Amino acid sequence: NDYEVGMRHKLPFVDCMSDEGLINDVCPMFAGMRRFDARVAVRRALQELDLYVQCLDHEMVVPTCSRSKDIVEPLLKPQWWVNCKDMAARSIKKVQDGELKLIPSQFDKTWYNWLAD
């Protein structure tokens, strides 16, 4: 993917979109524009500089938000995780010892599978 290619070639990662979905000052000519407006403006600027070649249909999966149905833009963000191994072990033990009861009990197996993974 693009991220791996960038890492392999030691390219700088430039983020041109703010958390609000506006073009930031990395692209001063388009700064403050909404993403879809900026796409039109970028195409127009390329055409004016005679650098625009063509527009082709490209079939792809466009990620959308399940709630708003808006297009989700891929942004580089720091990733984090929480180590839940100890908490999971305690939770498994509570069910095994009968201190915590799952209702209906048919979900005990699912509980163990989720927490043991």
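On a predicted model such as this, the values are computed, not experimentally measured, just so you know.
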Do the side chains of [Y] and [X] get nearer than 4.5 Å, heavy atoms only?
{"X": "T64", "Y": "D70", "value": "no"}
{"X": "C84", "Y": "W81", "value": "no"}
{"X": "F30", "Y": "L22", "value": "no"}
{"X": "L46", "Y": "R43", "value": "no"}
{"X": "D19", "Y": "K77", "value": "yes"}
{"X": "F13", "Y": "M7", "value": "yes"}

Membership question, hydrophobic clusters at under 4.5 Å side-chain separation (ILVMFWY): are [Y] and [X] in the same one?
{"X": "F36", "Y": "V40", "value": "no"}
{"X": "V14", "Y": "M29", "value": "no"}
{"X": "I71", "Y": "M60", "value": "yes"}
{"X": "L11", "Y": "Y3", "value": "no"}
{"X": "V53", "Y": "L49", "value": "no"}

Nearest 0.5 angstrom please: [X] [atom1] to [Y] [atom2], how far?
{"X": "S18", "Y": "L75", "atom1": "OG", "atom2": "CG", "result": "9.0 Å"}
{"X": "S91", "Y": "Q96", "atom1": "OG", "atom2": "CD", "result": "11.0 Å"}
{"X": "W114", "Y": "I92", "atom1": "CH2", "atom2": "CD1", "result": "13.0 Å"}
{"X": "Q106", "Y": "I103", "atom1": "CD", "atom2": "CD1", "result": "12.0 Å"}
{"X": "D108", "Y": "L102", "atom1": "CG", "atom2": "CG", "result": "5.0 Å"}

Carboxylate-amine/guanidinium proximity below 4.0 Å for E73 and R39: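 Here E73 pairs with R39 in a salt bridge, since their nearest N and O are under 4.0 Å apart.
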
Closest heavy-atom pair and its distance - A38, M33: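 That would be CA-SD, 3.7 Å.
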
Within 6.0 Å of CG in D50, more than 12 heavy atoms from elsewhere: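 No.
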
Within 6.0 angstrom of E99 CD, more than 12 heavy atoms from elsewhere: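 Open.
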
Side-chain donor/acceptor of N24 to backbone N/O of V26, under 3.5 Å: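 Such a contact is found between N24 side chain and V26 backbone.
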
S66 backbone acceptor or donor facing K69 side chain under 3.5 Å: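 Judged by distance alone, yes, a pair lies under 3.5 Å.
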
